[in-house]
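Here is the structure we will look at.
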Amino acid sequence: MSSKRTLLITGGAGFIGSHVVRLFVNKYPDYAIVNLDNLTYAGNLENLKDIDTLPNYTFEKGDITDALYIDELFQKYQFDGVIHLAAESHVDRSITDPMAFVMTNVIGTVNLLNSARKLWAGNFEGKRFYHVSTDEVYGELHDPKEFFVETTKYDPRSPYSASKASSDHFVRAYNNTYKLPVVISNCSNNYGPNHFPEKLIPLMINNIKNNKPLPVYGKGENVRDWLYVLDHARAIDVIFHNGANGETYNIGGNNEWKNIDLVLLLCGIMDAKLGREAGESEKLITYVTDRAGHDLRYAIDAGKLMSELGWAPSVTFEVGLDRTVQWYLDNWSWIENITNGDYQNYYSKMYGA
Ligand code: NAD
Ligand code: DAU
């Protein structure tokens with residue numbers, strides 16, 4: 001592969017996308033990186049303020065559901081690689097508004113596939129379409145000895161996971177039918193800096209700091225497998241460059257936590273950092289009505305990625321979670337700008353439009 005490439009990263013103003021953009025912009029000065037993001041409620045350009053004036057970085061505000069616009073963007077930049085992260089990502093929102101998930105996650109992905117196919121027109125040398133997906137496509141696990149592997153049968157159970165499963169199927173279909181060079185990864189729950197405060201960990205950090213109730217769904221018995229977001233970004237780098245054409249790689253930290261145990265752990269860390277008495281914050285825990293169709297347990301076997309491509313997580317959960325809580329406390333204005341809505345003005349402040 002040539003050292004000069006023009007890469008499209010979609011969803012780069014979001015949580016994981018911003019870490020991927022930063023990693024690529026800093027690590028590959030010869031790559032021209034175009035970050036395409038529509039700046040929905042989840043997109044925040046403040047996440048990228050440390051790199052947004054670098055010469056190998058360009059931001060484009062646009063919607064992946066707009067096929068004509070996407071075609072023009074591919075013609076304008078002549079991308080030779082795509083890393084596709086743009087999505088509606090929150091399960092609770094998919095329960096109240098499934099169609100937004102169909103539009104962005106399914107139609108948006110197919111638009112990108114069509115534009116890549118058109119631009120590359122059968123000349124696939126040095127080209128790659130990388131689709132970033134989730135472990136939720138595999139459904140839920142009950143047997144504690146079971147893990148999701150790449151061949152686990154798809155069994156999506158929420159509108160969010162159904163839309164991601166559908167997009168995965170389209171990506172594989174384009175590989176089979178048109179020989180489009182693709183690679184897919186399915187990752188477990190991420191945590192870390194810049195995580196939008198509607199998701200479990202940042203929501204709890206925000207509510208603990210503000211002495212607000214900590215809403216635990218159902219009995220708090222559901223299990224998630226947590227991975228530090230920078231380790232996901234490192235895995236995407238490795239898979240994008242070294243993954244085999246048409247393959248799928250599972251990514252996970254082998255780090256399962258029951259929700260209630262994780263919330264208790266966060267309460268303890270926050271008590272210590274805020275100088276509260278041990279046990280004070282956990283009094284805020286409030287059990288609330290369960291999420292509809294709530295998946296019981298996710299757990300990833302990342303053995304293929306580790307043995308074939310040599311990836312391994314770089315931080316333990318203890319270190320990653322402490323770093324995350326500290327990042328929120330040190331950057332409290334980031335969360336305040338979200339809760340007061342100011343983050344949505346960052347585009348006009350930066351780009352004057
Ligand atoms: P996020 O919600 O934080 O960010 C999504 C980004 O996509 C936002 O910046 C948003 O503005 C943008 N976007 C949404 N709709 C768009 C559209 N129509 N056109 C252009 N841009 C649009 O999401 P995230 O948590 O960073 O997840 C990124 C990707 O990784 C998603 O594809 C998600 O399914 C996948 N994933 C997430 C996790 C996780 O734990 N968060 C785990 C595994 C996989
Ligand atoms: O597994 C990967 C997926 O992880 C990604 O594909 C999704 O984009 C991402 O949002 C995440 O989905 P989850 O539904 O697992 O994450 P969430 O943070 O919403 O919830 C984590 C668990 O915590 C889940 O069991 C629901 C529970 N929960 C969540 C919230 C927001 C609560 O108990 N209380 C809450 O307030």
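As the structure is a prediction and not an experimental result, all values here were calculated from the model. Just follow the structure's listing: the first ligand is 1, and inside any ligand the first atom is 1.
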Exercise. What residue pairs, at least two apart or across chains, pass side-chain hydrogen bond (donor to acceptor under 3.5 Å, both in side chains) with a residue in residues 176-185?
Worked result: Y130-S185

Exercise. Do you see a donor-acceptor pair shorter than 3.5 Å between the side chains of Y298 and E140?
Worked result: no

For this session: Could you pull out all residues at least two apart from T6 that satisfy side chain to side chain contact (heavy atoms under 4.5 Å, CB included)?
Result: A32, Y77, F79, D80

Problem set entry | Close-range residues for ligand 2, whose non-hydrogen atoms fall below the 4.0 Å threshold | S89, H90, V91, T134, D135, E136, Y160, C187, S188, N189, E198, K199, L200, L203, P215, V216, Y217, N222, R224, N259, R291, H294, Y298

For this session: Verify whether the ring centers belonging to Y174 and F129 lie closer than 6.0 Å.
Result: no

Problem set entry | Pair Y154 and H169, ring centroids less than 6.0 Å apart | yes

For this session: Check whether the ring centres of F317 and W257 lie less than 6.0 Å apart, and answer yes or no.
Result: yes

Exercise. So, N35 side chain and F59 main chain: donor-acceptor pair closer than 3.5 Å or not?
Worked result: no

For this session: Could you tell me which non-hydrogen atom of Y160 sits nearest to which non-hydrogen atom of N105, and how far apart they are?
Result: CD1-ND2, 4.1 Å

Starting from the N and O atoms of ligand 1, find every protein N or O within less than 3.5 Å and list the pair with its distance.
| from | atom 1 | to | atom 2 | distance (Å) |
| --- | --- | --- | --- | --- |
| ligand 1 | 2 (O) | S89 | OG | 2.7 |
| ligand 1 | 3 (O) | F15 | N | 3.0 |
| ligand 1 | 9 (O) | G14 | N | 3.0 |
| ligand 1 | 9 (O) | D37 | OD1 | 3.2 |
| ligand 1 | 9 (O) | D37 | OD2 | 2.5 |
| ligand 1 | 11 (O) | D37 | OD1 | 2.6 |
| ligand 1 | 11 (O) | T40 | N | 3.0 |
| ligand 1 | 11 (O) | T40 | OG1 | 3.1 |
| ligand 1 | 18 (N) | D63 | OD1 | 2.8 |
| ligand 1 | 18 (N) | T104 | OG1 | 3.0 |
| ligand 1 | 19 (N) | I64 | N | 3.0 |
| ligand 1 | 21 (N) | N38 | N | 3.1 |
| ligand 1 | 23 (O) | S89 | OG | 3.3 |
| ligand 1 | 26 (O) | F15 | N | 3.4 |
| ligand 1 | 26 (O) | I16 | N | 2.8 |
| ligand 1 | 32 (O) | L85 | O | 3.0 |
| ligand 1 | 32 (O) | K164 | NZ | 2.7 |
| ligand 1 | 34 (O) | Y160 | OH | 2.7 |
| ligand 1 | 34 (O) | K164 | NZ | 3.1 |
| ligand 1 | 40 (O) | N190 | N | 2.9 |

Problem set entry | Minimum heavy-atom distance D231-V315, with the two atoms named | OD2-N, 3.3 Å

